[in-house]
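Note that the structure is predicted; figures quoted are calculated from it, not measured.
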Amino acid sequence: MIKFEAHEKSLDIIRNGEVIYTLSQSQNGVMPLTFGKGENKYTMSHGSFKIKEKIFERQPCRFEKAEANNNRATVTFKVFAGQTGTLNLEAMRDTVKFTIDGITGYNEMWLTLPAKSDEYIYGSGELFSEFNIRGQKANVWVAEHINAQQIAKKLVKQVFGFKNSIKKQAFNKYETYYAQPTFISSRKYFFHSLATARAEFDFTNMDKHIIKTDQLAPFYIGFGDNFEEVMTALTDILGRQPELPDWVYDGQIIATQGGTKRYDEAIDIALKNDLKINGMWIQDWEGRRVTAAGKQLYWNWEWDRELYPDLDERIKKNNERGIRTLGYINPFLAVEKPLYKEASEKGYCVKDKDGNDYLVTITTFPAAMVDLTNPDAWNWLKDIIKNNMIALGLSGWMADFGEYLPTDSVLYSGEDAELVHDTWPARWAQLNREAVEESGKLGEIMFYTRAGYSNTPKYSTMMWCGDNHTDFSIDFGLPSVIPAMLSLTCCGFGLSHSDIGGYTSFFNLKRSKELYMRWCEMNAFTPVMRGHEGLNPDLNVQFDYDDEVLNHGAKMGKLHKALKPYLKEAVELNSKKGIGVVRPLFFYYDEKEAYEATYEYLLGRDILVAPVIKQDQTKKEVYLPDDEWVHLFSGREYGGGKFIVNCEVGNPPVFVRKNSKALQLLNKEL
């Protein structure tokens with residue numbers, strides 16, 4: 001429990017009898033708060049943002065006095081420019097909420113927190129290139145993770161023989177679908193801001209962390225004796241995902257597209273080869289278009305009866321066989337189609353400064369955005385999900401996008417689009433959640449989102465890691481999925497997975513047989529095992545490429561299904577306490593290597609997964625924390641340390657704690 005003690009010239013924050021932080025008149029009375037004035041200029045292209053910031057003024061603060069009463073405290077401070085304000089503290093068990101009153105005219109705030117040289121930091125959203133971000137500056141702003149310039153550079157390099165690069169781009173060049181002003185520390189505390197404006201986290205100093213928000217917003221700092229307690233305290237604020245539908249655990253979701261004939265054929269192949277299929281994902285249920293980028297979709301959220309004749313009957317039949325059907329939706333509308341015409345006539349689209357529908361270019365085509373601040377537009381789109389998707393019988397869908405709201409948009413609500421931008425994906429998740437709940441289908445339907453912000457954990461039912469490249473590249477390919485899932489967990493979103501084999505494919509960037517099989521191995525040990533044909537399906541190895549791929553998929557699907565009781569327990573724990581299913585090793589092992597492990601993870605408490613992330617690799621060095629481990633496929637026992645293990649395709653480095661329930665479940669299948 002936290003309490004406060006006020007002294008003549010200081011305020012102590014005390015946890016379990018120990019002073020954990022002091023605000024005082026020391027160091028010339030300078031407070032850890034600075035206020036400023038500034039502005040940002042944003043240029044967006046295909047969801048990627050260039051941001052230019054100009055700061056006009058910065059004003060530090062001086063401590064004046066402190067008062068404390070039970071679980072509340074107030075620190076009065078004076079801005080050097082003259083204003084007097086208060087920092088109000090409220091203790092909620094092991095978490096402190098901080099709010100600022102009395103300060104006007106400033107739109108930027110810097111908060112300085114003490115740091116230690118050996119401290120590790122995780123968070124700021126979903127990160128694909130790093131896990132520990134100590135030493136980095138993180139830009140907390142929702143955007144498209146992969147842009148055309150990055151793809152073009154990769155394609156040129158591949159022409160000259162450079163593939164699957166292990167060289168990372170500079171951290172400041174990355175953007176992410178899911179940003180969140182949240183981090184956790186190896187010192188067992190978390191920070192979370194309620195800001196909706198852009199934020200920056202600076203972890204480059206050895207003795208301090210600097211958090212900047214372009215808004216004077218309340219923030220939280222919470223503590224725990226262990227990382228499970230830290231995550232529970234954090235998700236008490238953020239909210240948690242509900243438990244997944246029972247059918248999700250019964251094998252793997254096969255992805256296909258192209259119409260009813262292919263849908264039927266894919267199911268027959270999967271059943272014939274015992275792939276333990278629990279779902280069919282047909283993203284083109286509403287129609288598709290072929291563009292210069294690949295086989296994409298017509299964003300008109302109505303069943304395409306020409307492409308999928310008798311789909312409603314197929315869905316009913318397959319539900320009876322335990323095979324669910326999933327679809328796709330996003331908050332855009334194709335300008336060539338009827339739903340856009342209706343939305344435009346009713347004034348349901350986001351506007352530009354001239355009052356026209358704001359059309360955003362997506363890859364090669366323009367699309368309009370439904371205005372999620374308009375209650376009538378909100379209910380119109382929600383009814384489309386209810387009537388055109390849920391009533392059709394879909395058991396889930398990809399709720400794509402949410403990153404693209406331009407900062408110069410004109411919104412129905414009159415809100416500043418710069419302050420709304422980051423919240424857009426969370427609003428999109430909320431709309432989907434309401435459609436599911438109002439249809440009485442929560443617990444039966446799983447929708448999975450790509451983009452996110454602070455409210456996403458309490459609305460979305462599942463994250464997926466976006467449009468990864470169909471290769472082994474460290475930045476955007478298979479390896480990038482692992483820190484992405486881990487960083488989501490550290491931000492309080494505990495349910496995540498990825499497309500088997502990746503998505504982004506062009507020309508010579510295409511999915512190989514080995515890549516598909518390695519990704520299949522990894523996804524067998526995640527909460528959901530789901531495929532994707534990719535942007536250019538004809539370039540990519542698919543689930544039914546040949547007998548070897550089919551047999552491999554069947555083996556991995558059986559292992560995933562065997563884990564059903566184990567996964568359900570882990571998902572239930574996440575729903576109750578916010579402890580993610582995919583977990584960092586340091587959650588339970590206070591070892592330097594555990595804090596630095598970026599490409600290994602725990603599935604639940606008892607399974608350690610060290611996916612093969614390099615092409616043509618048959619041996620791999622793995623780090624095992626100090627415990628009793630059993631290599632799943634050989635049965636060999638290990639203690640803690642670093643070991644070289646065989647890792648041929650079909651024999652991934654997966655280790656299970658000795659005498660655990662998980663080992664018993666998996667051994668029954670092997």
Side-chain angles (χ1 to χ4, degrees), residues 47 125-126 140-145 176-182 192 194 196 235 237-245 248 299 301 326-332 350 369-375 377-386 389-390 394-405 411 413 420-439 441-467 484-485 487-489 491-497 527-528 530 571 574-575 578 580:
E126 179 184 24
V140 185
W141 180 256
V142 171
E144 172 71 64
H145 171 56
T176 181
Y177 310 114
Y178 189 127
Q180 190 171 296
T182 307
H192 174 68
L194 294 183
T196 66
T235 55
I237 297 166
L238 295 172
R240 305 178 183 113
Q241 304 82 62
E243 294 182 53
L244 293 169
V248 168
W299 295 348
W301 315 117
L326 296 88
Y328 175 97
I329 191 172
N330 65 47
F332 292 105
V350 172
M369 296 170 285
V370 178
D371 190 339
L372 302 182
T373 72
N374 182 335
W378 177 281
N379 290 325
W380 176 79
L381 185 53
K382 185 165 61 175
D383 285 342
I384 286 173
I385 295 176
K386 291 179 181 179
M389 300 176 72
I390 296 175
L394 297 180
S395 295
W397 53 83
M398 177 181 281
D400 203 0
F401 287 99
E403 311 91 340
Y404 280 60
L405 182 72
L411 302 173
S413 64
V420 173
H421 168 85
D422 274 343
T423 73
W424 205 251
R427 298 181 190 213
W428 171 228
Q430 180 182 356
L431 187 151
N432 282 266
R433 178 68 169 267
E434 288 183 6
V436 173
E437 289 187 339
E438 290 170 13
S439 299
K441 296 291 186 178
L442 188 64
E444 295 180 40
I445 285 175
M446 175 190 70
F447 66 89
Y448 38 104
T449 48
R450 180 177 85 165
Y453 195 67
S454 296
N455 280 342
T456 304
K458 69 179 179 181
Y459 291 126
S460 179
T461 62
M462 169 65 69
M463 291 299 298
W464 105 95
C465 297
D467 296 344
M485 291 189 294
S487 55
L488 281 170
T489 290
C491 286
F493 202 113
L495 300 178
S496 60
H497 73 295
V528 172
R530 178 189 58 80
V571 169
N574 179 68
S575 72

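Put simply, CE on M446 and CE on M398 are 10.0 Å apart, with the number rounded to the nearest 0.5 Å. Considering CD of E437 and CG of L442, their distance stands at 5.0 Å, rounded to 0.5 Å. Within the model, atoms CZ of R433 and OG1 of T461 stand 7.5 Å from one another, a figure rounded to the nearest 0.5 Å. L488 CG to S496 OG: the interatomic distance, rounded to the nearest 0.5 Å, is 5.0 Å. Annotation: the span from L405 atom CG to L411 atom CG amounts to 5.5 Å, rounded to 0.5 Å. N330 CG to Y404 OH: the interatomic distance, rounded to the nearest 0.5 Å, is 10.0 Å.
Looking only at side-chain heavy atoms (C-beta outward), V142 and W424 stay at 4.5 Å or farther from each other. Counting heavy atoms from C-beta outward, M485 and C465 have side chains that approach closer than 4.5 Å. With contacts defined as side-chain heavy-atom distances shorter than 4.5 Å, the pair T196/D422 does not qualify. You'll find the side chain of W428 stays beyond 4.5 Å of the side chain of D400, heavy atoms only. Using a 4.5 Å cut-off on side-chain heavy atoms (C-beta onward), Q180 and L238 make contact.
Listed for the S460 side chain is no donor-acceptor partner under 3.5 Å among the backbone atoms of P457. At least one donor-acceptor pair under 3.5 Å links the side chain of T176 to the backbone N or O of E126.
Of all heavy-atom pairs between A426 and N455, the closest is CB-CB, 3.8 Å. Across D371 and A377, no two heavy atoms sit closer than the pair O-CB, 3.5 Å. Heavy atoms only, all atoms of each residue included: L394 and I445 are closest at O-CD1, 3.8 Å. In this structure, N574 and R240 approach most closely via the heavy-atom pair O-CD, 3.5 Å. Contact between Y178 and A451 at its shortest, heavy atoms only, is CD1-C, 4.2 Å. Nearest approach of P242 to S575, heavy atoms of both residues: C-CB, 4.2 Å.
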K382/E438 under side chain to side chain contact (heavy atoms under 4.5 Å, CB included): CA gap, chis, key distance, verdict: CA-CA 10 Å; K382 185 165 61 175; E438 290 170 13; 2.9 Å; yes
| said: Would W397 and I385 count as a side chain to side chain contact (heavy atoms under 4.5 Å, CB included) here? Give the steps. | reply: CA-CA 10 Å; W397 53 83; I385 295 176; 3.6 Å; yes
- Going through the distances and angles, do Y448 and N432 end up as a side chain to side chain contact (heavy atoms under 4.5 Å, CB included)? CA-CA 10 Å; Y448 38 104; N432 282 266; over 6 Å; no
The test is side chain to side chain contact (heavy atoms under 4.5 Å, CB included); show your working for V571 and L495 and say whether it passes. CA-CA 8 Å; V571 169; L495 300 178; 3.9 Å; yes
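Residue F401 forms a ring pair (Phe, Tyr, Trp, His ring centres under 6.0 Å) with just one option from W299, Y328, Y177, and that option is W299.
Contact check on R450 versus E144 returns a salt bridge, with a Lys/Arg side-chain nitrogen under 4.0 Å from an Asp/Glu carboxylate oxygen.
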